[in-house]
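A short worksheet on the structure shown next.
Bear in mind the structure is a predicted one, so any value in this text is a computation, not a measurement.
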Amino acid sequence: MDQKTARHARRLWLHYGVFWSGAIAVGLLAVLYAWLIDFGYSLFRAGFDRHPWLALIVTPAVGALCVALTRRFLRGAQGSGIAQVVATLHGDTAALGARLLTVRLLAGKVLVSFVAMLGGFTIKREGPTVQVGAALMFSLHRATAHTHPPCADRVRRDARPVRSRLRNLDLDLKHLEIVLPLEMNPDVVVRDLHVF
């Protein structure tokens, strides 16, 4: 292989291969996360089926543990995760991403979610999966952006349609607030439905 072909292959890898490898890793991580959540809940159900009173002790203790872990070690992992990703996309991506989309938060989010399921909590998987996937891709971007600056430009350019779609989602949610039935108090509706 001559040097021109090697440079071209490297450029293709940095432009497309890194992105697709990250996308595959995010998909695998999402499947693993879903399996882990189901496994944690099945363990809780098995214990609860044998000893129903156990939930009165285990659930509050696990809740306190999850809150303590999140507040002490995982700032930025609170909530569903979608709000953190939206804030990162709308704000200073480098600064907010370094705080809200780290590998430490990725591992912590998965671990705390699993522990919460062991305690009998119900967790929607979509939000944490979004934050975990965004953290993985952001970390991959940071690892490769220094070696090839056009890769960073491509990621920034490719993120624009996603940002646009998220803004449209925000507008759709605001529109949803307007078209709800009239018998509902609009102040309560706006306060409860406004998630961004």
Side-chain angles (χ1 to χ4, degrees), residues 16-41 62-63 66-67 69-145 151-152 154-177 190-196:
Y16 300 106
V18 171
F19 174 75
W20 282 106
S21 297
I24 291 168
V26 167
L28 291 173
L29 192 60
V31 169
L32 177 67
Y33 181 71
W35 176 84
L36 193 63
I37 293 298
D38 290 342
F39 178 68
Y41 188 68
V62 166
C66 289
V67 168
L69 286 172
T70 303
R71 286 187 177 171
R72 177 120 169 111
F73 302 109
L74 302 169
R75 287 263 184 223
Q78 302 94 328
S80 75
I82 294 174
Q84 288 88 335
V85 174
V86 170
T88 302
L89 289 175
H90 286 296
D92 180 11
T93 303
L96 286 173
R99 272 192 17 237
L100 300 175
L101 301 176
T102 65
V103 174
R104 184 174 64 85
L105 282 182
L106 179 151
K109 189 89 164 185
V110 170
L111 176 70
V112 169
S113 298
F114 177 69
V115 170
M117 292 307 288
L118 287 175
F121 287 87
T122 57
I123 296 174
K124 291 176 70 176
R125 292 184 276 214
E126 295 82 8
T129 303
V130 167
Q131 187 176 12
V132 165
L136 183 65
M137 291 301 280
F138 183 79
S139 299
L140 188 60
H141 163 69
R142 284 179 68 181
T144 60
C151 181
R154 179 171 170 70
V155 168
R156 212 173 286 116
R157 186 181 69 236
D158 290 347
R160 286 184 192 130
V162 174
R163 288 182 184 148
S164 176
R165 287 187 200 111
L166 289 172
R167 282 189 202 110
N168 290 342
L169 175 64
D170 187 30
L171 293 174
D172 289 344
L173 287 172
K174 288 178 182 172
H175 177 71
L176 178 66
E177 294 169 1
V190 170
R191 185 186 71 234
D192 292 343
L193 283 181
H194 190 71
V195 294
F196 296 107

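The shortest distance between side-chain heavy atoms of Met117 and Phe39 does not fall below 4.5 Å.
Each of Val31, Leu136, Val132, Val130 was evaluated against Val26; a single residue qualifies, Leu136, per the side chain to side chain contact (heavy atoms under 4.5 Å, CB included) test.
Taking SG of Cys66 as the reference point, atom CZ of Phe121 lies at 6.5 Å (rounded to 0.5 Å). Distance check: Lys124 NZ to Ser113 OG gives 13.5 Å after rounding to the nearest 0.5 Å. With rounding to the nearest 0.5 angstrom, the CG atom of Leu101 is 8.5 Å from the CD atom of Gln84. One finds the CG atom of Leu69 at 7.0 Å from the CG atom of Leu111 (value rounded to the nearest 0.5 Å). Atom OH in Tyr41 sits 14.5 Å away from atom CZ in Phe114 (nearest 0.5 Å).
Looking at every heavy atom in both residues, Ile123 comes nearest to Pro128 through CG2-CG, 4.4 Å. When all heavy atoms are compared, the tightest approach of Gly22 to Leu140 is CA-CD2, 3.5 Å. Shortest non-hydrogen contact noted between Gly127 and Ile82 is CA-CG1, 3.7 Å. Thr70 approaches Gln78 most closely through the heavy-atom pair CG2-CG, 3.6 Å.
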(message) Set out, in order, the CA-CA distance, both residues' side-chain angles and the distance that settles side chain to side chain contact (heavy atoms under 4.5 Å, CB included) for Leu106 and Leu29, then state yes or no.
(response) CA-CA 10 Å; Leu106 179 151; Leu29 192 60; 4.1 Å; yes

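Applying the side chain to side chain donor-acceptor pair (under 3.5 Å) definition to pairs two or more places apart or across chains, those involving residues 100-110 are Lys109-Gln131.
A search for side chain to side chain contact (heavy atoms under 4.5 Å, CB included) contacts involving Arg125 returns Tyr33, Ala34, Ile37, Asp38, Thr129, not counting sequence neighbours.
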